[in-house]
Amino acid sequence: MAASSLDIISDLEQRELISQLAGGDELREHLASGSRTVYCGFDPTAESLHVGSVVPLLVLKRFQQAGHKPIALVGGATGLIGDPSFKADERQLNSSEVVGEWVERLKPQLGQFLDFDCGENSAVLANNLDWTRGYDVLGFLRDVGKHFSVNAMIQKESVKQRIERDGEGISFTEFSYMLLQSYDFAELNKRYNCTVQVGGSDQWGNITGGIDLTRRLYQNQVYGVTTPLVTKSDGSKFGKTETGTVWISSHMTSPYALYQFWLNVADADVYKYLKFFTFLPVDEIEEIERSDKAAQARPEAQGILAREVTELLHGKGGLNAAVRISEALFSGDISSLTSDDLAQLELDGLPCTEFRGGSKGIVEVLVETGLAKSNKMAREFIGNNAVNVNGQVVDSVDFELSGSNALEGKFCVLRRGKKLFHLAKFVQ
RNA sequence: GGAGGGGUUCCCGAGUGGCCAAAGGGAUCAGACUGUAAAUCUGACGCGCAAGCUUCGGUGGUUCGAAUCCACCCCCCUCCA
């Protein structure tokens, strides 16, 4: 068994992936002394996970690599309620149809990193709706609710601002979220002998709730590990770009966009992200950092990070497409691209809009492609020399795009600002 | 059910009859500088080429004129029952 040969907690600590441990040394001993079952839950709050949620998911995989059995739990039930932890305000409830749909989309995303066919420690995919759906209200209140003290619950840091801050409130629905998640832990303990829960640091309250409940219901000692919130050194929110949230679904965020996202990570954050988001050994990451510092030039780290993560999420094919587009747009001479190259860019996932007929004013094109929100903005961008067609700066709002000034009679590569590209394709 | 306090442009938050498309901050975007960084500086930031148009929870009303006053309604918060 690999478990004893690799101290998973020490590895996570080296990667700065541990925010808090519930159980401490006892947990280390627990993990070192055998193959354990570890779970992490993901609520369906959108049709895809975003990059931030990958951290605990990868931690689950790290546990599996260390010989433990991972359970990826999709919150078909908890997603119907809404986790209030550290949320400033009450969330809108989604319909059960929508949540059900999202559950189905999340399943393959959760599964893609884990190994479901490796014997003893094969991964398990679970849905908490399975044991919550049929639970009657009175039974739940008597069997589970009785173990929770409201006095203790309102002391939790995670709901404090909702309780104390003027102008905010919390519904009973959201307040009961903790009971459901706690019950999940207890239930997984009973079903799978699951003894460790992993989650983001915002989950601490819910995890300790589950530890207490499991002890009370089944007299079993279970443990918790939380991962730090992924932060950015400049204080802005991690996982957003000018075009919105960075999703792990390739339909929502193309491999190219994902690759660019990681390539643009700040120096101050990149080595930390290498530890968080890749499986590169820590000493290798430290070596990269050393050589970047010594080089006094553009760091290598962002490129490594972008390649590693893009391949991890979208495979070799996705990575190759992302690299092809990036090279064509950022280091090549755009006007020398052949129509095959351009068609490939479209296939590789560079956003593309089709235009019919003869010619089209640049302002209109910018708006239709989404490169500008309004005509007014489009004009402003042009005035700032921020718009570029096929490598040429557009200097007039009267500029017209047509088949005749398109590359190979068909494509125009539009650029707004330094990094935002879009393909305009002229068809008959 | 009662009493009080609120709902302003992406967010926070000023404004309390005309000078308000609405202070200030944040976020965001663009330009310069650079490494497709960071920091910094400059500019933009409801829509419209413009005249002008549409916004301040909703609907009506008062007024020459309303985000600001009145009526009703919806939603949120606090306390009481």
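Proteins get letters first, then strands, A, B, ... in listed order; numbering begins at 1 in each.
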Suppose you measure atom [atom1] in [N] against the same atom in [M]; what distance do you get, rounded to whole Å?
N: B/G26; M: B/U63; atom1: P; answer: 44 Å
N: B/C19; M: B/G52; atom1: P; answer: 15 Å
N: B/A27; M: B/C11; atom1: P; answer: 16 Å
N: B/A21; M: B/A44; atom1: C1'; answer: 15 Å
N: B/G4; M: B/C73; atom1: P; answer: 16 Å
N: B/C79; M: B/G65; atom1: C1'; answer: 40 Å
N: B/A39; M: B/G57; atom1: P; answer: 36 Å
N: B/C74; M: B/A23; atom1: C1'; answer: 30 Å

field: Parallel, tilted or perpendicular: rings of A/W247 and A/H50 (30°, 60°)
entry: perpendicular
- prompt: Which of parallel (below 30°), tilted (30 to 60°) and perpendicular (above 60°) describes A/Y273 and A/F276?
  reply: tilted
query: Got a sec, which residues hit salt bridge (Lys or Arg N to Asp or Glu O under 4.0 Å) with A/D136, two or more places apart in sequence or on another chain?
result: none
task: Tell me, please, which residues at least two apart from A/D130 pass salt bridge (Lys or Arg N to Asp or Glu O under 4.0 Å).
output: A/R133
Proximity of A/F63 and A/Y39 rings by center, below 6.0 Å: no
query: Please walk me through it: do A/Q109 and A/S48 pass side chain to side chain donor-acceptor pair (under 3.5 Å)?
result: CA-CA 8 Å; A/Q109 296 191 345; A/S48 169; 3.1 Å; yes
message: Please evaluate residues A/R28 and A/E13 with respect to the criterion salt bridge (charged side-chain N to carboxylate O under 4.0 Å, His left out), reporting the C-alpha separation (whole Å), side-chain torsions for both, the decisive distance (0.1 Å), and the verdict.
response: CA-CA 12 Å; A/R28 286 169 201 273; A/E13 274 174 341; 2.8 Å; yes
For A/S85, side-chain hydrogen bond (donor to acceptor under 3.5 Å, both in side chains) partners two or more places apart: A/D83, A/N206
Earlier contact from the 5' end, RNA chain B, for A/K232 and A/I170: A/K232
Nucleotide N/O of nucleotides 7-11 of chain B paired with protein N/O under 3.5 Å:
none

query: Can you pull the ring pair (Phe, Tyr, Trp, His ring centres under 6.0 Å) pairs that have at least one residue in residues 373-421 of chain A, sequence neighbours excluded?
result: A/F330-A/F421
task: Encode nucleotides 30-47 of chain B as B, S and - characters from 5' to 3', where the letter depends on protein heavy atoms closer than 4.0 Å: B to the base, S only to sugar-phosphate, - to neither.
output: SSS-BBBB------SS-B
query: Across all strands, who's sitting opposite B/A66 as a Watson-Crick or G-U wobble pair, both distances under 3.5 Å?
result: none
